[in-house]
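One structure is given below, encoded as structure tokens.
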Amino acid sequence: MTRPEKHKVLLVRLVVLQHVLIALLVVIVATFPSFDSSADVVVTSIWQKALLRWDVFHFLHVAQIDYAFEHEYAFLPVLHILMQAYAKLREVVSGIHEITPVPFLLTGHLAVYLAGIGSVQALYDLTLNTFKSPAMALLASVLSLLSSSPATLRFAPYAEPFFTFFSYKGMCLVLRSCF
Amino acid sequence: MLYCSERRFFRASLYLMCASMFRANGVLLSGFIVWGMLVEPFVLEIVEQDSHWRSLNVGKFVKCVGLSSLPVIPFVWHQYEGYKAFCSSDEPRPWCGNRLPSIYSFVQSEYWNVGLFRYWTIAQVPNFVLAFPVLALLVSCALRDLSRAHILISSVQSRDRNCIATPLAIVPHAIHAILLASILMFAAHTQIALRLAAALPYTYWSAASLFVDTFSIFSSQYPFESKEVGKRKGVAATCWVWWSALWGAISLITWATFLPPA
């Protein structure tokens, strides 16, 4: 195994560990009374409430019933389409039209995990091909695990995890050596 | 080689288009295509004092316009969908009559009060304080890198090879960081810098430059020698790690308890 391959294996393990720790912390803290009880109206279990914060309300609503209000056009549609993946598949297979929030939240949450794993590897490749230094690539990638918004990058179904992944991949291809 | 190069930029443009399907600020990513196809080859011709100017031709320019338009398409399509939904009825919305009817601009202004200097109120000072560390890192490092990019070109013209230069590959990232930071500081809810900066590779390269002089890494790749090879910076790096870890934990707790910032 080459040095970059070893680094990427380490990074994937660190990201998975980070995702688990973040999920544990958020779900445990979510058992305490929240400042805003909006999520209590929509979902029942603690982990669902932990996911349902801030803009996730908008994403969930659009995923469930498409764009219904003008303000929802602040958000581009692909995240909602992603969150609909399981519900649409179930509709095709069983004919059941799903509108309860749990499948959409869960699909988005799992997709964020995949995007996080892909992003850290993409950042490693981008940094390696920019700086030509495996040590620098590892340093930058490890520092990315200390992000300034772990909830929206590693836990909740937000647009940022996917935006990050595709941005890194595209930026890397602009470099000659990434091709 | 030309086919390989064109295929690379086409794939890059597709990935960046996918990114801009998730966030409207993805339209700024078009700049990376323009940089890679036109600007960087042109600058390299200047550096190598190549007078053939192969990078400047109409065909390449047209292809660049086409490929750099791809990341803009999702945003434009979304505006079209909004226009169809709200401007086709008997009671069109106020923004429908604008010269450029953009539901996105209207919604940001109307519902989120986003606009130039609108967020600059006393009540929002805490949000500026929260975003300050990451914005300060981005802006300071971007200004440093861009100032050295100027030296690269001017030193070639003066034939002075004993100076520090910014490798071209990170210049578009520095420009992107400055643009995004400016938008976040002057025309957005500034605290979202905490989310958006986490999606920039330049944030982590800037953080890494607090640990090691990143220019020393390039010294063997470029004709210009770095004057600060391998120097380690202690205090700033330590502060960054502590702030990242502490704020990361605090932000998870505020998220879980549904406290601001969003």
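What's counted below: heavy atoms across the whole structure, side chains too, no hydrogens, waters or symmetry copies. Note that the coordinates shown come from a computational prediction; the quantities given were computed from them, not determined experimentally.
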Rounding to 0.5 Å, atoms CG (A:L146) and OH (B:Y204) come to a distance of 9.0 Å
Measuring heavy-atom distances to chain A, does B:S206 have an atom under 4.5 Å in its side chain, in its backbone, in both, or in neither? neither
How about A:W54 and B:P260: do any of their side-chain heavy atoms sit closer than 4.5 Å? yes
Student check: side-chain heavy atoms of A:V174 and B:F9 closer than 4.5 Å: yes
Interatomic spacing from CZ in B:F22 to CG in A:L82 - rounded to 0.5 Å: 5.5 Å
Who wins among A:A140, A:S147, A:S37, A:A122 for the most heavy-atom pairs under 4.5 Å with chain B? A:A140
Side chains of B:L252 and A:V29: does their closest heavy-atom pair fall under 4.5 Å? no
Check whether the side chains of B:W205 and A:T127 place a donor and an acceptor atom closer than 3.5 Å, and report yes or no. yes
With a 4.5 Å limit on heavy-atom distance, are the side chains of B:L29 and A:M171 in contact? yes
Side chains of B:E81 and A:Y73: any donor to acceptor distance under 3.5 Å? no
Of the non-hydrogen atoms in B:M21 and A:L76, which two are nearest, and what is the gap between them? O-CB, 3.3 Å
So among B:W112, B:Y111, B:Y104, which one has a ring-ring contact (aromatic ring centres under 6.0 Å, His included) with A:F75? B:W112
Hey, are the side chains of A:Y158 and B:R23 touching, using non-hydrogen atoms and a 4.5 Å cut-off? no
Close side-chain approach of B:T257 and A:F35, heavy atoms under 4.5 Å: no
Close side-chain approach of A:L153 to B:R195, heavy-atom, < 4.5 Å: no
Using modelled atom types and a 3.5 Å cut-off, is there a donor and acceptor pairing between side-chain atoms of A:S148 and backbone atoms of B:L194? yes
Evaluate the ring planes of A:F57 and B:F258, with Trp represented by its six-membered ring, and classify them as parallel (under 30°), tilted (30 to 60°) or perpendicular (over 60°). parallel
